[in-house]
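See below for the structure under consideration.
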Amino acid sequence: MPLPLSGLLVVSLEQAVAAPMCTCRLADAGARVIKVERPEGDFARYYDKLAISREDGRKCPGGRAEGQSAYFVWLNRGKESLVLDLARDDDKVLLAAILAKADVFVQNLKPGAIAKLGFPIPALRAAHPRLVICSISGYGEDGPYAQRKAYDMLVQAESGLASVTGSPEAPARVGVSVCDVAAGMNAYEAILEALYAREKTGDGVAISISMFDAMAEWMAVPLIQYEGGAPPKRIGLAHTSIAPYGAFKTRDGADILISIQSDREWRVLAEKVLGDKALAADPAFATNVARVKSRAETDARVAAVFGATDEAALTRKLAENDIAFARVNTTGDLASHPQLRRIEIATPSGAVSYPAPPARSDATPRRYGAVPSLGEHSAKIRAEFLPGAKLS
């Protein structure tokens, strides 16, 4: 049985993270994705050289072997790499020939850049009415910030995300590229909607996605709270509206995060885990509102018991009483986590293992394609779309 997007041709003039995130998902679903790269390649190819094969990892513990870029390997599996210099007329002709047969065109150049290269979106829409076009940018195609450079951490700061992330002492960035990922996933879902609509109408559409809009939507709750008169405060791993909700250290040094979502759960925690029936019945702690008001004392009661208990005994008791908890793990802990599913992807430096995409179904099993070397498919694509043309 073919994959859902088998038979679709996607062309992506992309770099970095947001657009490759989107087209990676399209490739996973069976679309043929032609990744157009400048002659020097997507700059994400050169972020680092830390994606090493398992064999090299065993030979060189600690990642001392030289491999591929972690970001590039993560987001570019299953694509074909076509090198084009769009300052050259013959390369523009080739891109135009591919677009004439494409179902989807994704691009994340600076607003206005695609038009300067000779491919304005309105002209593409007129020439190819069935083409779904998705433009991804930092701040959108118009507005006072449209021409600003926008990298993930900058958008985290500009959108207010950094102001609600971190400890009370200082704002912090989320440790992964959430603005890029959010924009890429929004682009993916918008393209799927457009393809579904095209099945009914026969018409494509031009879509615009910005990293700022993607993160502003994620910031809806803090914004609503601010406009309601209670702006959220940075409190690390605690929760602005719930107590106890935070990380507490065990006697043997593990950090265990608990989340008490209801007053019933609080009574169970107090009586069954903290061993304090009186605390469970104390009206000063009976409701979440009261516990938040007395957060310091609430947390101190929990910290005293957790700090006197070893991790194994504590987590066993939490699990037995159905209290929501998690260990505050490192990336090293994730590497050996019993719940972690992995896929193995071929790269120019050997097979690399990393976390599997989250969606699972009972349909056709996924087989993930290789990460291409720079320009690996250029000759084949030229021969296919411009047969008989002289190779440059």
For a quick test of reading the model, state the closest non-hydrogen atom pair linking Ala206 to Ile121 and the distance between them. CB-CG2, 3.9 Å
Going by distance alone, is a donor N or O of one side chain under 3.5 Å from an acceptor N or O of the other, for Thr23 and Glu14? yes
Does this structure show an ion pair linking Lys79 with Glu376, if we count only N-O contacts that are shorter than 4.0 Å? no
Heavy-atom nearest pair, Ala16 first then Leu75, reads O-CD1, 4.5 Å
CD (Glu217) with more than 12 external heavy atoms under 6.0 Å: no
Please identify each residue that fulfils salt bridge (charged side-chain N to carboxylate O under 4.0 Å, His left out) with Arg38, with sequence neighbours left out. Glu40
Please report the C-alpha distance between Val292 and Thr298 in whole Å, then the side-chain angles of each, then the deciding distance to 0.1 Å, and finally whether the side chain to side chain contact (heavy atoms under 4.5 Å, CB included) criterion is met. CA-CA 8 Å; Val292 169; Thr298 301; over 6 Å; no
Selection residues 264-313 - residue pairs positive for ring pair (Phe, Tyr, Trp, His ring centres under 6.0 Å), sequence neighbours left out: Phe248-Phe306
I want to check something: taking the side chain as every heavy atom from C-beta on, are Ser241 and Gln225 in contact at a cut-off of under 4.5 Å? yes
Under 3.5 Å: donor-acceptor pair, side chain of Asp85, backbone of Pro39: no
Partner set under salt bridge (charged side-chain N to carboxylate O under 4.0 Å, His left out) for Arg267, not counting sequence neighbours: none
Of the non-hydrogen atoms in Ala194 and Ile207, which two are nearest, and what is the gap between them? CB-CD1, 4.0 Å
Keeping to residues at least two apart or across chains, list the salt bridge (Lys or Arg N to Asp or Glu O under 4.0 Å) pairs with something in residues 145-169. Arg148-Glu158
Are Tyr354 and Phe72 linked, directly or through intermediate hydrophobic residues, by side-chain heavy-atom contacts shorter than 4.5 Å (ILVMFWY only)? yes
With side chains defined as the heavy atoms from C-beta onward, is the minimum distance between Ser378 and Glu80 less than 4.5 Å? no
Quick check: do Val104 and Leu9 have side-chain heavy atoms less than 4.5 Å from each other? no
Any ion pair linking Asp333 and Arg327 (charged N to carboxylate O, less than 4.0 Å)? yes
Please lay out, stage by stage, how Leu82 and Glu37 fare under the test side chain to side chain contact (heavy atoms under 4.5 Å, CB included). CA-CA 6 Å; Leu82 167 65; Glu37 299 188 66; over 6 Å; no
Between the side chains of Tyr245 and Arg295, is a donor N or O closer than 3.5 angstrom to an acceptor N or O? no
Residues in ring pair (Phe, Tyr, Trp, His ring centres under 6.0 Å) contact with Tyr139, at least two apart in sequence or another chain: Tyr145, Phe212
From CA spacing to verdict: side chain to side chain contact (heavy atoms under 4.5 Å, CB included), Leu161, Val174: CA-CA 8 Å; Leu161 177 64; Val174 179; 3.8 Å; yes
Would Leu8 and Arg32 count as a side chain to side chain contact (heavy atoms under 4.5 Å, CB included) if you check the C-alpha gap in whole Å, the side-chain angles of each, and the deciding distance to 0.1 Å? CA-CA 6 Å; Leu8 289 179; Arg32 179 187 181 186; over 6 Å; no
May I ask you to check whether Gln68 and Ser349 show a side-chain donor-acceptor distance below 3.5 Å? yes
Pick one: which of Lys249, Lys317, Arg251 meets salt bridge (Lys or Arg N to Asp or Glu O under 4.0 Å) with Asp310? Arg251
Do Ile256 and Leu318 make a side-chain contact, defined as non-hydrogen atoms from C-beta onward lying under 4.5 Å apart? yes
Whether Arg130 and Asp203 form a salt bridge (side-chain N of Lys/Arg under 4.0 Å from carboxylate O of Asp/Glu) is what I want to check. no
When you look at OH of Tyr368, are more than 12 heavy atoms from neighbouring residues, nucleotides or ligands closer to it than 6.0 Å? yes
So if you build clusters from Ile, Leu, Val, Met, Phe, Trp, Tyr with side-chain heavy-atom gaps below 4.5 Å, do Met211 and Tyr151 land together? no
Considering non-hydrogen atoms only, spot the tightest contact between Leu86 and Lys92 and give its length. O-CE, 2.6 Å
Go through it in stages, so that I can follow the logic: the residues are Arg301 and Glu297, the test is salt bridge (charged side-chain N to carboxylate O under 4.0 Å, His left out), and I'd like the CA-CA distance, side-chain angles, deciding distance and then a yes or no. CA-CA 6 Å; Arg301 299 290 189 99; Glu297 188 175 352; 3.3 Å; yes
Ile191 and Cys22: which non-hydrogen atoms are nearest, and at how many Å? CD1-SG, 3.5 Å
Is the number of heavy atoms from other residues, nucleotides or ligands within 6.0 Å of CZ (Arg341) greater than 12? yes
Does atom NZ of Lys277 have more than 12 heavy-atom neighbours, drawn from other residues, nucleotides or ligands, at distances under 6.0 Å? no
Return each pair, listed once, that meets salt bridge (Lys or Arg N to Asp or Glu O under 4.0 Å) where at least one residue sits in residues 171-198; pairs must be two or more places apart or across chains. Asp103-Arg198
Smallest heavy-atom separation, Ser163 atom then Gly160 atom, equals OG-O, 2.6 Å
